[in-house]
Amino acid sequence: MSKTFLAIGESMVEMAPTGDGAFAMGFAGDTLNTAWYARKCLPSSWNVGYYTAVGRDQVSAQMLDFLKRSEIETDQIRLLEERTVGLYMIQLKDGERSFAYWRSQSAARCLAADPEHLTAALDNAGLIYFSGITLAILPAEDRETFLESLRAARMAGAKVAFDPNLRPRLWESADAMRTCVTEAAGVCDLVMPSFEDELAHFGDQTPKVSADRYLAAGAQMVVVKNGPEEVICASGEGQSSFQPNPVHNIVDTTAAGDSFNAAFLAEFLTTGNLAASVDAGAKLAGTVIQHRGALVDCMAPA
Ligand code: AMP
């Protein structure tokens, strides 16, 4: 197996209030968060890359610089003349955060528009990671191209991992989301949903129902996260569950699932040990939620 972890999706500019009326600029996005943590967790014998599309303007160049400084490879990223990267602003009112987005014309929406470029980007990846947000931002016709490229990469030996990350507001309809996410699960070695989303948008009554539904869709293995509750791992060989250690000082749950996925995958890719992988995922997520922000510079779990 090639030792390249390739995450695919949209990285955005983040404008976060600094408390004095000003905003600090950063970069974030669910798949970027997972790539960032995967780089921290995987041994240096692995490459971690990110695939997306950006513009040729200054802010896009700054995003590429950020990825490179984070030791995430950017060689495959599409550069588009006419577009730039998406942006979101965090707004604070009475201590509550809300988000405003400018992403409808973002370059990342074109990441699957050139099938040859996409195929070349996937070539040589050992593990390909994407999410429901990666699918949601694509034009409907490009979703098929994207899934077809994943099928081909898998035939060539890559493993594919997917977090459904259900966000109905990004889709044209909740039905389109459910249909596409179910089809995507059928292309995957590993599906990594969060039960809260599956309950809300598929109406699953238990994590086991979510696991069985994704196995029936064709996934080889399903790992269902459920906040402080047991993580369920299911495959054709059966089911097991693991209880994460309690976390008492929760500050911000942003990127809990993204960081869990990174540490789980890093351990699973290097040792294949399921219990150790859940443990690594839960340990890292447990640390991340004790800090503010998506990207917390903590050591990789032992
Ligand atoms: P989620 O996507 O919210 O289900 O969370 C992903 C992972 O983060 C979980 O599987 C846990 O390992 C960890 N996590 C999230 N919330 C908590 C919590 N309240 N207490 C302990 N661990 C948590």
Side-chain angles (χ1 to χ4, degrees), residues 7 9 28-38 40-41 97 99 129-136 161-168 170 177 181 184-185 188 190-214 219 221-235 239-268 273-302:
D30 63 337
T31 47
L32 168 67
N33 300 343
T34 299
W36 194 86
Y37 284 111
K40 306 234 171 255
C41 295
R97 296 188 334 154
F99 297 83
Y129 176 83
F130 71 109
S131 79
I133 295 178
T134 311
L135 295 172
F162 169 54
D163 185 337
N165 226 334
L166 304 170
R167 298 289 177 273
L170 290 177
M177 173 182 78
V181 161
C188 292
L190 188 50
V191 178
M192 311 183 79
S194 287
F195 179 62
E196 192 182 10
D197 289 349
E198 307 301 315
L199 170 66
H201 305 300
F202 276 96
D204 297 342
Q205 289 308 301
T206 65
K208 184 176 183 315
V209 173
S210 308
D212 288 344
R213 182 170 48 71
Y214 284 122
M221 183 158 92
V222 185
V223 175
V224 189
K225 297 155 282 173
N226 190 12
E229 307 296 330
E230 283 182 337
V231 176
I232 306 279
C233 301
S235 70
Q239 187 191 299
S240 39
S241 53
F242 304 89
Q243 178 61 54
N245 286 329
V247 177
H248 297 295
N249 181 29
I250 300 175
V251 174
D252 176 5
T253 57
T254 306
D258 304 336
S259 56
F260 178 100
N261 294 349
F264 177 99
L265 287 166
E267 182 69 28
F268 200 63
N273 182 324
L274 192 56
S277 303
V278 175
D279 194 46
K283 253 193 203 138
L284 180 60
T287 305
V288 168
I289 63 180
Q290 291 179 64
H291 297 82
R292 192 158 291 287
L295 304 180
V296 177
D297 208 352
C298 44
M299 291 296 291

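Keep in mind that this is a model prediction, so the values were computed, not measured. Whatever order the structure lists them in is the order used to number ligands and atoms, beginning at 1. For this chain, numbers begin at 1 and follow the sequence in order.
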Residue selection (non-hydrogen contact nearest atom 9 (C) of ligand 1) among P193, G227, S194
G227
Just wondering, more than 12 heavy atoms not from Q243 lying within 6.0 Å of its CD?
yes
If every non-hydrogen atom of A266 is compared with every non-hydrogen atom of C41, which pair is closest and at what distance?
CB-CB, 3.5 Å
Protein heavy atom at shortest distance from atom 8 (O) of ligand 1:
A285 CB, 3.3 Å
Tell me: protein heavy atom nearest atom 19 (N) of ligand 1, and distance?
I250 CD1, 3.1 Å
Cut-off 3.5 Å, side chains only: do K225 and N261 have a donor facing an acceptor?
yes
Looking at R213 and E198, is there a salt bridge between them, counting it only when a charged N and a carboxylate O are closer than 4.0 Å?
yes
Which bit of N226 is near ligand 1, meaning a heavy atom under 4.0 Å away: side chain, backbone, both or neither?
backbone
Pull out every atom of ligand 1 sitting under 4.0 Å from any heavy atom of A282, numbered as shown with elements.
12 (O)
Ligand 1 to V231, heavy atom cutoff 4.0 Å, flagged ligand atoms 10 (O)
Exercise: do D30 and S131 side chains pair donor with acceptor under 3.5 Å
yes
At what distance is the nearest protein heavy atom to atom 20 (N) of ligand 1, and which residue and atom is it?
P228 CB, 3.5 Å
Parallel, tilted or perpendicular, judged at 30° and 60°: which one describes the rings of F130 and F162?
parallel
Considering non-hydrogen atoms of the protein only, which is the closest contact for atom 21 (C) of ligand 1, and what is the distance?
V247 CG2, 3.5 Å
